[in-house]
Amino acid sequence: MKTLSGRIFNISNTVILILLAFLCLFPLINILAVSLSSSTAASAGEVSLWPVDFTWESYDFVIQKPEFLRSLGISVERVLLGTMLNMILTITLAYPLSKESASFSGRLFYVWFFVLTMLVSGGLIPWYIVIQKLHLLGTIWALILPGAVNVFNAVLLLNFYRGLPREIEEAAFVDGAGHWKILWSIYVPLSMPAIATLILFSMVGHWNSWFDGLILMNSPEKYPLQSYMQTVVINRDLSLVSMADANSLGDISDRTLKSAQIFLAALPIICVYPFLQRFFIKGVVVGSVKE
Amino acid sequence: MNKKLRNRSLAASFAILLAVTTACGNNNNGNNGNNAESSSTPATETASASPAESAAPSIDPNAKYDPPIEVTSVRYTDPTYKFKDGDTIENNVWTRAYEEELGIKIKYNWIVNGDQYGQKMNLTITSDSLPDIFQVDSLQFRQLAEAGQLEDLTQVVQDYGSDLTKEMIDRGTNAKSAATYDGKLLAIPPAEDYLGGAPLLFVRTDWLQKLNLPEPKTMDDFIKIAEAFTTQDPDGNGKNDTYGLAASKDLFGGYPDFSGLMNGFHAYANIWIKDASGKLVNGSIQPEMKNALAKLQELYKAGVIDKEFGVKDGGKAAELQTAGKVGMSFGAMWNPLWPLQDGVTKDPNAEWEVYPIPSVDSTPAKAQSKADFNAFWVVKKGAAHPEAIVKLFNLYNEKIISEKAEPARFHSADGIEFFKYALMQGGFGTPQGLLSVHKNVVAALQAGEDGSKLNPEEKSYFDKIQLFKGGDRTNWGTNKVFGEGGSWAVIGANYVDQNLLMKSEFFGAPTPEMTAKQAILDKLVLETFTKIILGAPISDFDKFVSDWNKLGGEKVTQEVNDWYAKKS
């Protein structure tokens, strides 16, 4: 097996992949290095991969910053509530839709009913007005309810359900189980790989989304973490600076502080990924294969 | 079983439908109740109709609302707002003053960070949920004015405005005319500031001395200095790693700003100037611009400008300057505060001086300037108390700039800026503007006073300059902006006293064609200028001029001239 060309292929393959991996890691390492450097070194652009004038100062500052911690709390609340609701609705939605049309005559209607929402949307303004008229503005539910039914996730799970052997379900029916029993005692335990993947999707989605927070929350105190981060890292338009702004430009452009917050905000997801990664690949692929 | 499932699912969906519809019904009822309570229009109108009526015969501008009224508004904050003693944006020294002295309670429908305000305001306008008092930009102002959604403030300003308020509104004729629609004053106009954005030249003077160079009096001096800063190793580290002139991919803006260099060639980027025949023309397409671009191209080739400037924004360009690698930059008067301050803090030898724009010939260069009137305080049509906006503005003026001002309570103390909490704040300044701030500060410094006679804003700069004089280099920037020989000293002595300011003649709201095409035209200007600086043949400029006209520029020019004819 180990021919010369095979070995060359292996080596160059490894080198290229390591380089690629480094390319992906580089921005993250740079952010980490900047966040651990002194602010003069950072604003002079001297930091690349290793901290210059090592200091924990910016982390000290961020940890004591009420805005950061408050937003973190809101994000955690959002992820927990949102993911739970997402999963309950996805699991229960996918079950009836996974049945054949023969056994569920309205199936086609419902499938289109949901799929349509994937294809067309009302647009930003109608979306905003609906949420406003429902009096959800400024509440945590404005971030959770509009995206509570994720049709894409439901379709993934639906396909996974369909891959499960029909005989198990039929056997359960014969033994007197109803639909709820079959769903929670057979389908859900058997679909754990797919469900774990969807939990990850949903968590990451909730954690990362920032635009809805910015638009739907009526004060910065209610921003989830990523909306808050957006206001921290955005670049100022330097053509519109007034005297009052100029006084604070120095504070705002503190790159070490920004970097520390970016790193801390990314940390939870970085930690979750390795553990759910194995389901991630398996779950997505398995769901897509039909017998 | 199949049937059972179907029946059940049908039943379930009916149940959901029912639940939704009934929930909606409840919601609606709830809404109406809420609306009556919170939106204040119907409820407070009836509640306070009697005092308003009884006050009608003789209007007392200082009368307090009793019972207190509630006024809805929206506002922005930013992460630099600081609070003390558990104050919040909704409960602080200003909101308490509004309530105690005016009987006005402010209710914020939403609060958002500054950079999102415009977008959120657009959503609020389209979803038809305007608050009573709010701030809009020029485009939103025009839309609302045309749709008749704004209250006419002419009379309430007459009746309720304090002398200071009237002075603040009348001081900028252009600003006031921008806030007027159809002969009616529909907004409290922003400050008219043509000086704050005018470009200045900032030069590392410790490098000048080291290389034994003269001050930049003419464009030739400037070019010589730029080349020397690039090639003669002014930072003395033995490496050829310095640049003569700061640059960013945006070319224009408060920092770094190429329009300063162009002004030296009597070319004026992106503003509307009068040509020989008295017509308004866009400065970007005038033949003088060609010379300026040719010179920039030359400087780029000689390595005076960072080779990577095309991918760096202002913040990135500032890094180079902070690192002590750039010796000159054009920019607005606040540049010493940022980014120059960072470099001065870092390098104890660094020293910068401010100069007016050097000229390429014997005609002195005029610095270009445009006042974008982009912050109008307006009142929703049909608001119960349109005069509240004037009262709020009266109070702000009284507490901040009048002789009765209480700076320690309302302006700032211990580094916490209270004045930012006020509903109507930001960009109003003083009736005389920042130039007088500089003059008063310098006068107090020269007289050796303690600054107690200065107004709060002046006092805050005065104190920082005193700290700088005591050896604190972190306050170098304030001294360089407001102190002797600072930005404002140069602006006053040159742009004002010698009348060397080229104001944009157009200051209205964007015209319809501008709304449609300005983004494309701006992009065309930016791309063409960048390409020419990077080495494209200078003859491309002629094609650019005809492209600019074809892509809508001609029509925009027509509209701008129509506006000008109508105005005068």
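Note that this is a predicted model, so its numbers are computed, not measured. A note on names: the letters A, B, ... follow the listed sequences, proteins ahead of strands, and every chain is numbered from 1.
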> Can you say whether Y228(A) sits under 4.5 Å from chain B via the side chain, the backbone, both, or neither, judging by heavy atoms?
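Neither; nothing under 4.5 Å.
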> Minimum heavy-atom separation for K120(B) and L214(A), please, with both atom names.
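Closest approach of K120(B) to L214(A): NZ-O, 3.8 Å.
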> For the OG1 atom of T126(B) and the OH atom of Y128(A), what is their distance to the nearest 0.5 Å?
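If we round to the nearest 0.5 Å, T126(B):OG1 and Y128(A):OH are 8.0 Å apart.
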> Could you tell me the separation between the CE atom of M217(A) and the CG atom of N113(B), rounded to the nearest 0.5 Å?
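Answer rounded to 0.5 Å: 14.0 Å.
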> With the side chain counted from C-beta on, respond yes when Y108(B) and S219(A) share a heavy-atom pair under 4.5 Å apart, and no when they do not.
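No, every pair of side-chain atoms sits at 4.5 Å or beyond.
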> Residues two or more places apart in sequence or in another chain: which of them pass salt bridge (Lys or Arg N to Asp or Glu O under 4.0 Å) with E319(B)?
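With neighbours one apart ignored, the set is R255(A), K316(B).
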> Sort N122(B) into side chain, backbone, both or neither according to what part of it lies under 4.5 angstrom from a heavy atom of chain A.
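It is neither, since no heavy atom gets under 4.5 Å.
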> For F68(A), which atoms come within 4.5 Å of any heavy atom of chain B: side chain, backbone, both, or neither?
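Neither; nothing under 4.5 Å.
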> Kindly check if the number of other-residue, nucleotide or ligand heavy atoms within 6.0 Å of CH2 (W184(A)) is above 12?
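Buried by this count: over 12 neighbours within 6.0 Å.
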> State, to 0.1 Å, how close I129(A) and S127(B) come at their nearest heavy-atom pair, and which atoms those are.
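Taking I129(A) first and S127(B) second, the nearest heavy atoms are CG1-CB, 3.6 Å.
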> Relative to chain A, which segment of Q341(B) carries a heavy atom at a distance below 4.5 Å: side chain, backbone, both, or neither?
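For Q341(B), neither part sits under 4.5 Å from chain A.
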> Answer yes or no: does atom CD of E57(A) have more than 12 heavy-atom neighbours from other residues, nucleotides or ligands under 6.0 Å?
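No, because the 6.0 Å sphere around CD of E57(A) holds 12 heavy atoms or fewer from other groups.
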> Sequence neighbours left out, what passes side chain to side chain donor-acceptor pair (under 3.5 Å) with S98(A)? Give chain and number order.
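Result, side chain to side chain donor-acceptor pair (under 3.5 Å) vs S98(A): none returned.
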> Could you state the interatomic distance from CD (E221(A)) to OG1 (T88(B)), rounded to the nearest 0.5 Å?
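If I round to the nearest 0.5 Å, the distance is 6.5 Å.
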> What part of Q119(B) gets within 4.5 angstrom of chain A, counting heavy atoms only: side chain, backbone, both, or neither?
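Contact with chain A: side chain only.
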> Show your working on side chain to side chain contact (heavy atoms under 4.5 Å, CB included) between I215(A) and W110(B) and close with a plain yes or no.
CA-CA 10 Å; I215(A) 294 291; W110(B) 46 259; over 6 Å; no
> Determine whether more than 12 heavy atoms belonging to other residues, nucleotides or ligands lie under 6.0 Å from atom CZ of F26(A).
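Yes, enclosed.
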